[in-house]
Amino acid sequence: MPSTLTESTDPYCLRPGEAAELLHGHPWRRFVALGDSVVEGMCEPTPGYPDVQWIDRLAAELTAVRPELAYRNLGRRGLRAHQVRATQLAPALAFAPDLALVVCGGNDAFHRAYDAEAVDAELTAMITALRDVGADVITVGMFDVSHSPAVPEHIRPDLGERMRRLSAHTANLAERLSTIHVHLTDHPLTADPTLYSTDGRHGSARSDAIATAQTLRTLSPRLPHPDDHEFGEARSGPEPR
């Protein structure tokens, strides 16, 4: 990544004013996020990108359009899927959300004993319960962290296989349960080292900025512009300023 690249010039990030256009007239008033460290926010600072984590970014953009939005982040680092459901689902339901984001399973997939069907069952229980109270639910196929330079070479293939299996299972659940699904696993930059932190488990501020852009573009009630490219690649027209 060139040293001069910043969020305002990064072709994979939001253009000035784009978030307001994408979210114009959005209906949501109560946004809750459930999950592990990805939701809590563990992004590593990146020069040129604000040190604001992904879910807080989403909430800020939603609030900019609807200032009365209530937001609660329940994410806690280190939790496996069954722990997210056991500790966060009840308070999430009590919050009475109309928009919920659920991200978990990554800590399960870090282990060789990863049980994809067990994680599916936990995600299904959370998604179904949230939808039953009237919430739209966002699910996510995360960037493949096995590409992080901090991940030892000898574990990279197996970890990558498990991460991609988690992403594929989550995408299948999203289709079956009618969630709003944000797919980042096959993003053109998923193997770019600038997206990952030095701990080999989390993302950078750049990855959070890119994830925010893709999430808002997926949430947008508007039809895509005919000149848009998949994953928000550079568009025709003036360069960002």
Side-chain angles (χ1 to χ4, degrees), residues 5-35 38-41 43 46 48-73 75 97-103 127 130 135-143 167 170-171 174 178-190 192 195 203-241:
L5 189 63
T6 65
E7 183 166 356
S8 64
T9 59
D10 192 326
Y12 294 95
C13 293
L14 292 165
R15 298 168 301 178
E18 184 182 359
E21 294 173 5
L22 291 171
L23 294 176
H24 176 72
H26 82 72
W28 301 294
R29 289 177 168 82
R30 300 184 67 80
F31 173 41
V32 69
L34 301 78
V38 173
V39 173
E40 180 183 357
C43 73
T46 303
Y49 295 78
D51 190 16
V52 183
Q53 67 100 357
W54 172 39
I55 311 302
D56 287 348
R57 284 172 173 264
L58 297 182
E61 299 293 0
L62 290 163
T63 302
V65 174
R66 193 175 287 278
E68 72 274 21
L69 181 96
Y71 162 52
R72 187 171 182 191
N73 186 329
D98 54 9
L99 181 65
L101 180 143
V102 181
V103 178
I127 293 166
L130 289 160
D136 292 318
V137 178
I138 304 167
T139 51
V140 184
M142 291 304 300
F143 294 112
S167 178
T170 305
S178 300
T179 73
I180 302 165
H181 189 64
V182 181
H183 184 65
L184 297 169
T185 313
D186 295 322
H187 190 281
L189 295 184
T190 197
D192 190 308
L195 295 195
S204 67
R206 189 187 187 205
S207 74
D208 277 19
I210 292 170
T212 299
Q214 191 60 28
T215 304
L216 295 189
R217 289 167 183 156
T218 304
L219 277 176
S220 177
R222 294 169 175 255
L223 292 174
H225 189 280
D227 289 336
D228 284 359
H229 298 292
E230 188 178 12
F231 295 116
E233 294 183 77
R235 299 169 173 83
S236 59
E239 290 295 322
R241 292 190 297 273

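Quick caveat, the model's predicted, so the values are computed rather than measured.
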**Student:** To the nearest 0.5 Å, tell me how far T9 OG1 sits from R15 CZ.
**Tutor:**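 Nearest 0.5 Å value for the OG1-CZ distance: 14.5 Å.
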**Student:** How long is the straight-line distance from NE2 of H26 back to CZ of F31, given to the nearest 0.5 Å?
**Tutor:**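 Answer rounded to 0.5 Å: 10.0 Å.
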**Student:** Calculate, to the nearest 0.5 Å, the distance between atoms CG and CG belonging to L216 and L22 respectively.
**Tutor:**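 Answer rounded to 0.5 Å: 6.5 Å.
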**Student:** Any idea which heavy atoms bring P11 and L5 closest together, and the distance?
**Tutor:**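 The answer is CD-CD1, 4.4 Å.
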**Student:** Minimum heavy-atom separation for A205 to P50, with atom names?
**Tutor:**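 Nearest heavy atoms, A205 then P50: CB-O, 3.8 Å.
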**Student:** Taking atom CG of L184 and atom OG1 of T215, what is their separation to the nearest 0.5 Å?
**Tutor:**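 The OG1 atom of T215 is 6.0 Å from CG of L184, to the nearest 0.5 Å.
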**Student:** Between I138 and L99, is a side-chain contact (heavy atoms from CB on, under 4.5 Å) present by the stated rule, with each step listed?
**Tutor:** CA-CA 8 Å; I138 304 167; L99 181 65; 3.9 Å; yes
**Student:** Do D192 and T190 have side chains that get closer than 4.5 Å, going by heavy atoms?
**Tutor:**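 D192 does not reach T190 side chain to side chain.
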**Student:** Counting C-beta onward and ignoring hydrogens, is there a side-chain heavy-atom pair between M142 and V103 closer than 4.5 Å?
**Tutor:**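 Of all side-chain heavy-atom pairs linking V103 with M142, at least one is under 4.5 Å.
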**Student:** Nearest heavy-atom pair of Q53 and E40: which atoms, and what distance?
**Tutor:**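 Between these two residues, the closest heavy atoms are NE2-O, 3.5 Å.
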**Student:** Please lay out, stage by stage, how R217 and E61 fare under the test salt bridge (Lys or Arg N to Asp or Glu O under 4.0 Å).
**Tutor:** CA-CA 12 Å; R217 289 167 183 156; E61 299 293 0; over 6 Å; no
**Student:** Answer whether the closest heavy-atom distance between the side chains of L101 and L58 falls below 4.5 Å.
**Tutor:**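 Yes, side chains in contact.
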**Student:** Evaluate the side-chain proximity of R206 to L189: yes if any heavy-atom separation is below 4.5 Å, no if none is.
**Tutor:**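 Yes - at least one pair of side-chain heavy atoms lies under 4.5 Å apart.
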**Student:** Determine whether I127 and T179 make a side-chain contact, defined as any pair of heavy atoms from C-beta on separated by less than 4.5 Å.
**Tutor:**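 Yes, side chains in contact.
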**Student:** Atom NE2 of H183 and atom OG1 of T218: how far apart are they, to the nearest 0.5 Å?
**Tutor:**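 Separation between the atoms: 11.0 Å.
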**Student:** Taking R57 for the side chain and V52 for the main chain, is one N or O donor matched with an acceptor at less than 3.5 Å?
**Tutor:**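 A pair under 3.5 Å: yes.
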**Student:** About how many Å separate CH2 of W28 and OG1 of T63, when rounded to the nearest 0.5 Å?
**Tutor:**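 The distance works out to 13.0 Å.
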**Student:** State, with a plain yes or no, whether a side-chain heavy atom of V140 is found less than 4.5 Å away from one of V102.
**Tutor:**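 V140 does not reach V102 side chain to side chain.
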**Student:** So does R30 get a backbone contact from the side chain of D98, meaning a donor-acceptor N/O pair under 3.5 Å?
**Tutor:**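 Answer holds: yes.
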**Student:** So do the side chains of P97 and L130 get within less than 4.5 Å of each other, counting heavy atoms only?
**Tutor:**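 With C-beta onward as the side chain, the pair touches.
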**Student:** Classify the side-chain pair D208/Y49 by whether it contains a donor and acceptor separated by less than 3.5 Å.
**Tutor:**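 No - no donor-acceptor pair under 3.5 Å links their side chains.
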**Student:** Can you name the residues that form a side chain to side chain contact (heavy atoms under 4.5 Å, CB included) with S207, not counting sequence neighbours?
**Tutor:**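 Scan of S207 (side chain to side chain contact (heavy atoms under 4.5 Å, CB included), adjacent residues dropped) gives F143, L195, S204.
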**Student:** Can you tell if the side chain of H187 reaches within under 4.5 Å of the side chain of I210, non-hydrogen atoms only?
**Tutor:**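 Yes, at least one pair of side-chain atoms sits under 4.5 Å.
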**Student:** Among L62, V32, D56, which one satisfies side chain to side chain contact (heavy atoms under 4.5 Å, CB included) with Y71?
**Tutor:**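 The side chain to side chain contact (heavy atoms under 4.5 Å, CB included) with Y71 is passed solely by D56 among L62, V32, D56.
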**Student:** Closest heavy-atom contact between H181 and T170?
**Tutor:**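 Answer, listing the atom of H181 first, then T170: CE1-CG2, 3.8 Å.
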